[in-house]
Structures are given as structure tokens and as C-alpha cells.
Amino acid sequence: MAYAVSALAAVLLALAVGLVARRRLGFVTMVESESMAPTLTPGRRLLTRRPRASRPVRRGDIVVVPSAELGRVIVKRVIGLPGEHVDIAPDEVRVDGEPLSEPYVVRRGGRSGAFDVPDGHLLLLGDNRARSSDSRSWRRPYVPVGVLRGTLLVRPRRPVAAPAGRGPRSAGPARAG
């Protein structure tokens, strides 16, 4: 009988620790589309870190957000930060007039446009630009920082660079969503 009680206590403790870790630290996200290929392929499962005020969202981060337009949770890359002007052309992206180095983009294409990212919001694009439903085509192209569910813990194949002549920028503290 004492063994059964000990085993039950161990199982309950493991469940409690798992629930706390999932709510506070992170969770697993499954990539469902080809919009982030070749960086992320469909079916890949990745650890996702919950938003923290101590680590603001940065350009180049791959984030998990709910999409009201698509009706599901999506995975995209942060391109535009609050207060920036982003010009998207078929062959390049410019942030505040400076070209953005994007070694992770293999297939360019899709819609072009100019975007002024409002305070507290982000502009998100898929790495597979030709096959991505992202900020360029959404009715509401800007995603509030506060709805971020997390940032993927994945290392890009090549370093993500800021536009020439600019230091790293961030969106400020993220709130847990």
C-alpha cells in the first residue's frame, strides 16, 4: 500500500512540474506548412520559449502567434519592429531605407508593399516568400507583440544580420500571451 501511495505521489509531482514548466518555460510547436522552408520543414517539432520581459523580440526571431485570419497558430519570422518603415520588393526587403540581409530566404516572390509598423506591433514574413501567407497579404498586417505565444529555439543555418549600418533592434519587452 505504501508503494502505491509513493508511486501516485511521484506521478502527481511529475504532472505538476510538467504543467508549471509548460506554462512558464516553454512548449513544443509543430511546423505545419512550407512557409518557413528551408529553415523549417513541415512536421518538424521544435522547443518554443515563452515570451519574457527580460528578452525582447528581435528582428530575425522565429515566433509562434495565433492568426485570426488563418484560424490557427502560425510560425513566422520577425522582419519589422515597432516604428519601422519596411519596403518589400520581389528581390529585397528594406528597413528604414537600408537593405536587409536575409540569407535564410531561398525562394523570393509573393506580394510587394510598403508598411509602417505601429508601436507595439510586428511585421512577420515566411522564409519561403513565394509560398507564404504572411503580413504582406493579411487584412491586418501587423501583429501585436502581446499576442506572441513564444519564440522558437532554433538556430538559423546562417547568421541573421541587421540592415547595413544599424545595430540590433528589438520590440521591447514581450508579454506572456
**Student:** Roughly how far apart are T151 OG1 and R52 CZ, rounded to 0.5 Å?
**Tutor:** 9.0 Å
**Student:** Within this structure, what is the CG-OH distance for the pair D119 and Y142, rounded to the nearest 0.5 Å?
**Tutor:** 12.0 Å
**Student:** Nearest 0.5 Å, what's the OG1-CG distance between T41 and N128?
**Tutor:** 12.0 Å
**Student:** Do P66 and R149 have side chains that approach each other closer than 4.5 Å (heavy atoms only, starting at C-beta)?
**Tutor:** yes
**Student:** Distance from I74 atom CD1 to E69 atom CD, nearest 0.5 Å?
**Tutor:** 9.0 Å
**Student:** Heavy atoms only: give me the nearest Y104-R129 pair and the separation to one decimal.
**Tutor:** CE1-NH2, 4.0 Å
**Student:** Which pair of non-hydrogen atoms, one from V75 and one from S35, has the smallest distance, and what is that distance?
**Tutor:** O-OG, 4.1 Å
**Student:** What verdict does the side-chain contact (heavy atoms from CB on, under 4.5 Å) test give for R77 and E102, after you've listed the backbone C-alpha separation in whole Å, the side-chain angles of each residue and the deciding distance to 0.1 Å?
**Tutor:** CA-CA 11 Å; R77 189 178 298 272; E102 297 184 292; 5.8 Å; no
**Student:** As a test of understanding, state which of L100, D134, V117 forms a side-chain contact (heavy atoms from CB on, under 4.5 Å) with I79.
**Tutor:** L100
**Student:** Does L125 reach the side chain of R136, with side-chain heavy atoms less than 4.5 Å apart?
**Tutor:** yes
**Student:** Listed by chain and number, what are the salt bridge (Lys or Arg N to Asp or Glu O under 4.0 Å) partners of E92, not counting sequence neighbours?
**Tutor:** R94
**Student:** Would you call R107 and E34 a salt bridge, taking side-chain N to carboxylate O under 4.0 Å as the test?
**Tutor:** no
**Student:** Applying a strict under-4.5 Å side-chain criterion to I, L, V, M, F, W and Y, I'd like to know whether M30 and V65 cluster together.
**Tutor:** no
**Student:** Under 3.5 Å, side chain of S135 to main-chain N/O of L124, donor-acceptor pair present?
**Tutor:** yes
**Student:** Could you give the distance from CG (L81) to CG (L122), rounded to the nearest 0.5 Å?
**Tutor:** 6.5 Å
**Student:** Of the non-hydrogen atoms in H85 and D116, which two are nearest, and what is the gap between them?
**Tutor:** ND1-OD1, 2.6 Å
**Student:** Do D127 and V106 have side chains that approach each other closer than 4.5 Å (heavy atoms only, starting at C-beta)?
**Tutor:** no
**Student:** Charged N to carboxylate O under 4.0 angstrom, R59 versus E84?
**Tutor:** yes
**Student:** Can you name the residues that form a salt bridge (Lys or Arg N to Asp or Glu O under 4.0 Å) with R111, not counting sequence neighbours?
**Tutor:** none
**Student:** Quick check: do P99 and S101 have side-chain heavy atoms less than 4.5 Å from each other?
**Tutor:** no
**Student:** Look up atom CD1 in I62 and atom NZ in K76, then write down how far apart they are to the nearest 0.5 Å.
**Tutor:** 11.0 Å
**Student:** Report yes or no: does R44 contribute a side-chain atom to a donor-acceptor pair with the main-chain N or O of T39 at less than 3.5 Å?
**Tutor:** yes
